[in-house]
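Here's the structure, in C-alpha cells; my notes come after.
Just follow the structure's listing: the first ligand is 1, and inside any ligand the first atom is 1. Not measured: the values here are computed from a predicted model.
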Amino acid sequence: MSLSSVLLKRLQIQRRIIAAVNVHGTRSFTTMEGHRPTIVHKRSLDILHDPWFNKGTAFSMTERDRLDLRGLLPPNVMTSEQQIERFMADLKRLELSARDGPSDPNNLAKWRILNRLHDRNETMYYKVLIDNIEEYAPVVYTPTVGLVCQNYSGLFRRPRGMYFSVEDRGEMMSMVYNWPADQVDMIVVTDGSRILGLGDLGVQGIGIAIGKLDLYVAAAGINPQRVLPVMIDVGTNNEKLLKDPLYLGLQEHRLDGEEYLAVIDEFMEAVFTRWPNVIVQFEDFQTKWAFKLLQRYRNDYRMFNDDVQGTAGVALAGLLGAVRAQGRPMIDFPKMKIVVAGAGSAGIGVLNAARKTMARMLGDTEVAFESARSQFWVVDANGLLTEERRIIDPDARPFARKVKETERQGLREGAKLVEVVQQVKPDVLLGLSAVGGLFSKEVLEALKGSTSTKPAIFPMSNPTKNAECTPEDAFSIVGDNIIFASGSPFANVDLGNGHLGHCNQANNMFLFPGIGLGTLLSGSRIVSDGMLQAAAECLAAYMTEEEVLQGIIYPSISRIRDITKEVAAAVIKEAIEEDLAEGYREMDGRELKKFNEEEIKSYVKNNMWSPEYPTLVYHKD
Ligand SMILES: NC(=O)C1=CN([C@@H]2O[C@H](COP(=O)(O)OP(=O)(O)OC[C@H]3O[C@@H](n4cnc5c(N)ncnc54)[C@H](O)[C@@H]3O)[C@@H](O)[C@H]2O)C=CC1
Ligand SMILES: CC(=O)C(=O)O
Ligand SMILES: [Mg+2]
C-alpha cells in the first residue's frame with residue numbers, strides 16, 4: 001500500500017470516528033458505545049482544566065503522550081478506584097474530627113470538598129455521588145444545598161451554569177451561544193424567589209438548580225455535558241441581600257408584571273432556539289409566578305414545574321401508600337380526610353392532583369369531582385380557608401370550605417390548625433407551609449384523635465429546619481402506629497421497644513429525574529398530565545405490600561437510579577399511548593411505538609450515562 005493510500009485509509013477511519021462521535025455527542029454512553037474513544041479538540045493543560053474530560057492521575061501513559069500531558073501530572077498512574085479511595089479518605093476525615101456527629105458547618109465543608117472535585121473531574125465526582133448517594137444526596141441536595149444557597153456569595157469559586165439578568169434583555173438569543181455544549185438535554189432554571197423554604201435568595205438560588213441537576217446525572221443518568229443550570233436574575237426583594245456588599249446579583253428590587261414575563265419569554269425563546277429538544281424544569285419560583293408560567297408555556301414548550309407537578313406526584317404516591325399501609329384497598333382513597341397546611345405552589349399542586357385522583361376513582365364525573373373536594377381542609381397563614389375569606393388566591397379558591405359545612409364541624413373561617421385537626425380527626429396531616437415546628441405538641445396531640453388506624457404525618461417542607469415536625473416528636477406524641485414522611489431526610493427513630501420508626505423521604509427527587517428522562521427519550525414535545533400521572537402511579541406501585549405494611553411507602557434513596565428508570569419507562573409508555581412520542585436521536589418514533597414494556601425499560605437503561613472514563617483521542621478543530 002502506498003503512503004498516500006495509508007494516509008487516506010487513516011483519514012477515513014478518523015472521519016468515521018468523528019461522525020460516530022458527532023451522532024452520539026462527545027462523551028460516550030458507555031452501555032451503548034462500549035469502548036469507543038472520545039475525540040477531543042484540546043490538549044495539555046486545557047484538558048486538565050476541563051472537568052468534562054479530566055481524569056487527573058488516571059490518564060494512562062499512552063494517553064499522556066497523545067494529549068501532551070507528560071510532565072504535567074505526577075508520574076504514578078492510578079486507577080479510578082485508587083483515586084476514589086484517596087478522595088474518600090479526605091472526605092471522611094471530617095467525620096472523624098466531628099465528635100458530635102455531622103453538623104451544619106461539617107456538611108458545608110463536605111459540600112466544598114465535593115464541589116472542588118466537581119470543578120476538576122466530573123466523571124469522578126459523579127462516581128462518588130452515585131456510589132454513595134444515600135450519604136451525599138443530603139449534601140449536594142436538601143438540606144445542605146439550602147445552606148449553600150444562603151452562603152453562596154462566600155462559597156462561590158468557579159462559575160457553573162448560565163446567568164441571565166435584566167441587563168441582558170435583547171441579548172439572550174446570542175448569549176446562549178456562549179455555552180460550550182452543542183447539545184443540552186436538561187435545563188433547571190430558577191429566579192431564586194423561593195428557594196426551598198428559605199424565601200428569596202436572589203442570584204444565590206443557582207445552587208438549587210445545580211443540586212437538582214446533580215440528581216439528574218446521578219439518578220437519571222443524563223450526560224453531565226448536557227445539563228445546564230440557569231439563574232434568571234430579575235433582582236431580589238431580600239433586604240439583607242440588597243444591602244450586602246458581597247452579594248453577587250443585581251442589587252435592585254425584583255422586576256414584576258409584564259416586564260418580568262418578557263424576560264422569561266426571552267429566555268425560553270433563546271434556549272429553545274439553540275436547543276430545540278431541551279427540557280426546561282422550572283424550580284423554586286414564588287407561587288405568584290409558578291402557576292402563571294406553567295400555564296403560559298406548558299402547551300408550547302417541553303417544560304414542567306417541579307414544585308407544582310413533581311411534588312404533587314410524589315405526595316399522591318405517598319397518600320396512596322398511606323391507604324395501603326392501613327391494609328385498605330387503594331379504592332378507599334376517596335374516603336381519606338386530608339388536612340393540608342400550606343396553600344402555596346406545592347400545597348395547591350398536591351391538592352389538585354389528589355382531588356383529581358379521588359374523582360377518577362369515584363367515576364370521573366362532575367359530581368365525583370365536587371364530592372372529592374370535601375375531603376380536604378386547607379390551613380394557610382390565615383388559618384382555615386373558607387368561602388368567607390375576603391381575598392383568596394384563585395388557585396386556592398376551589399379548596400375553600402363551604403361556610404355551612406364548616407359550621408357543622410364546629411369550625412369557622414381562620415380556625416387554627418390545632419382546632420381543625422381536633423374537629424376533623426384526619427387520616428393525613430400534610431405540611432407544605434415552610435414553617436418549621438408548625439405541627440406542634442398540641443397539633444400532634446390532637447392528631448391522636450384521628451379516626452385512622454394508622455394516621456399519616458407528612459412534614460414535607462425543606463430544608464430540615466423548616467420541617468413541620470421531627471420524627472421523634474411524631475412517634476413519641478402520636479404513637480408508634482403512624483406513617484411518617486418528610487421532605488428532607490431524617491434518621492429512623494428508635495422506638496425503645498426493639499422496633500424502629502421508619503422515616504420516609506417524601507421529596508420530588510423520586511419523580512423529577514424520571515419525568516425528565518422519560519420525556520427526553522420519548523421525544524414528546526410536551527409534558528402531558530397523563531405522563532405526570534403515569535410517573536406518580538409508577539412510584540405508588542413501586543413499594544411491595546410487605547414494605548408498605550411496615551410503613552415504608554417511599555423507596556430508600558439508595559434505589560433512586562432504579563426507581564428513576566421505572567418512572568422514565570412509565571412516562572415513555574404513556575407518551576406512546578397518547579401518540580406524543582416522536583423518538584430520540586437514532587430511535588425513530590415509529591420504532592419506539594412497537595416496543596413492549598420490557599423493551600422500553602432496556603431502552604431507558606441503555607441510554608443512561610454511567611461515570612466511566614472514555615479513552616480520549618486528540619483531533620485538531
Ligand atoms: N418535599 C418536597 O418535595 C417539596 C417541598 N416543598 C416545600 O414546601 C414549602 C412551601 O413551598 P411553596 O408552596 O412554594 O411556598 P409558598 O411560600 O408559596 O407557600 C407557603 C404556604 O404556607 C402557608 N403558611 C405560612 N405560614 C403558615 C402557618 N403558620 N400555618 C399554615 N400555613 C402557613 C402560606 O400561607 C402559604 O400558603 C417549602 O418549604 C418547600 O421547600 C416544595 C416543593 C417540594
Ligand atoms: C424539594 C423542592 O423542590 C423544594 O423544597 O422546593
Ligand atoms: Mg423546589
Side-chain angles (χ1 to χ4, degrees), residues 137-138 141-143 145-146 149 188-201 205 207-209 211-212 215 281-291 294 304-318 339-353 377-385 389 391-393 395-396 399-400 414-421 429-440 443 458-469 485-490 504-513 536 539 554:
Y141 187 56
T142 185
V145 73
C149 290
V188 175
V189 61
T190 185
D191 69 354
S193 53
R194 188 287 274 150
I195 296 299
L196 305 175
L198 302 168
D200 182 348
L201 296 183
I208 197 74
K212 292 270 176 186
L215 289 192
Q281 171 169 322
F282 277 61
E283 192 66 46
D284 289 6
F285 282 71
Q286 58 183 319
T287 296
K288 175 177 166 186
W289 287 113
F291 289 103
L294 184 58
F304 67 101
N305 182 301
D306 179 39
D307 299 291
V308 177
Q309 297 166 299
T311 313
V314 163
L316 183 60
V339 171
V340 176
S345 63
I348 297 293
V350 171
L351 285 158
N352 280 327
W377 286 258
V378 178
V379 179
D380 68 4
N382 298 311
L384 179 66
L385 180 70
R389 180 78 59 93
I391 303 167
I392 308 186
D393 177 347
D395 296 306
F399 297 97
K416 288 196 184 120
L417 180 63
V418 62
E419 296 172 75
V420 175
V421 174
L429 175 59
L430 188 150
L432 283 161
S433 66
V435 180
L438 180 68
F439 299 168
S440 60
V443 170
F458 288 9
M460 286 180 68
S461 291
N462 297 313
T464 314
K465 285 194 176 93
N466 294 62
E468 283 78 3
C469 68
S486 53
S488 293
F490 280 98
N504 295 280
Q505 194 175 355
N507 191 291
N508 51 29
M509 69 184 178
F510 286 121
L511 282 190
F512 72 77
L539 178 60
Y554 289 102

Apex the Mg ion (ligand 3) - arms OE2 from E283 and OD1 from D307 - angle rounded to 10°: 110°
Heavy-atom distance to atom 2 (C) of ligand 2: which of R194, M509, K212, M460 wins? K212
Under 4.0 Å from ligand 1, counting heavy atoms only, is it the side chain of V314, its backbone, both or neither? neither
Salt bridge between D200 and R194, side-chain N to carboxylate O under 4.0 Å? no
Keeping the roles fixed (side chain from Q309, backbone from N305), state whether a donor-acceptor pair exists under 3.5 Å. yes
Once you restrict to heavy atoms under 4.0 Å, what part of D307 touches ligand 2? Side chain, backbone, both or neither. side chain
Counting only heavy atoms closer than 4.0 Å, does ligand 2 sit against the backbone of I208, its side chain, both, or neither? neither
Going by the atom numbers of ligand 1, which of them fall below 4.0 Å from some non-hydrogen atom of A343? 21 (C), 36 (C), 37 (O)
N/O to N/O below 3.5 Å, does that happen between E283 and ligand 2? yes
Does D380 come within less than 4.0 Å of R389, counting only side-chain N to carboxylate O? yes
Protein heavy-atom partner closest to atom 15 (O) of ligand 1 - residue, atom, separation in Å: R194 NE, 3.7 Å
With atoms numbered from 1 as shown, which atoms in ligand 2 lie under 4.0 angstrom from a non-hydrogen atom of N507? 1 (C)
Side chain, backbone, both or neither: A506 near ligand 1, heavy atoms under 4.0 Å: backbone
Should the proximity of T311 to ligand 2, defined as any heavy atom under 4.0 Å, be assigned to the side chain, the backbone, both, or neither? neither
Would you mind checking which non-hydrogen protein atom is closest to atom 34 (C) of ligand 1, with the distance to 0.1 Å? A381 N, 4.0 Å
side-chain contact (heavy atoms from CB on, under 4.5 Å) partner of V340, the single match among L351, I348, L385: L351
Relative to ligand 1, is Q286 under 4.0 angstrom through side chain, backbone, both or neither, heavy atoms considered? neither
Main chain of A346, side chain of D307: is a donor-acceptor contact present, judged purely on distance under 3.5 Å? no
Under 4.0 Å from ligand 1, counting heavy atoms only, is it the side chain of T311, its backbone, both or neither? side chain
Can you see whether E468 engages S433 through a side-chain donor-acceptor pair at a distance of less than 3.5 angstrom? yes
Out of N462, V443, L417, D380, the nearest non-hydrogen contact to atom 31 (C) of ligand 1 is supplied by D380
Whether N466 lies under 4.0 Å from ligand 1, heavy atom: no
In T287, V350, D284, L432, the residue satisfying side-chain contact (heavy atoms from CB on, under 4.5 Å) with S345 is T287
Identity and distance of the protein heavy atom lying nearest atom 1 (C) of ligand 2: N462 ND2, 3.3 Å
Any donor-acceptor N/O pair, S461 side chain to A434 backbone, under 3.5 Å: yes
Mode of Y141 contact toward ligand 2 - side chain, backbone, both, neither (heavy atoms, under 4.0 Å): side chain
N/O donor-acceptor pair under 3.5 Å between E283 side chain and V188 backbone: no
N507-Y554 side chain donor-acceptor pair, cut-off 3.5 Å: no
Does the protein come close to atom 17 (O) of ligand 1 - that is, does one of its heavy atoms sit below 4.0 Å from that atom? no
Quick check: does D284 have an N/O/S atom under 2.8 Å of the Mg ion (ligand 3)? yes
In terms of side-chain heavy atoms, does N508 have a donor or acceptor partner in T311 at a distance below 3.5 Å? yes
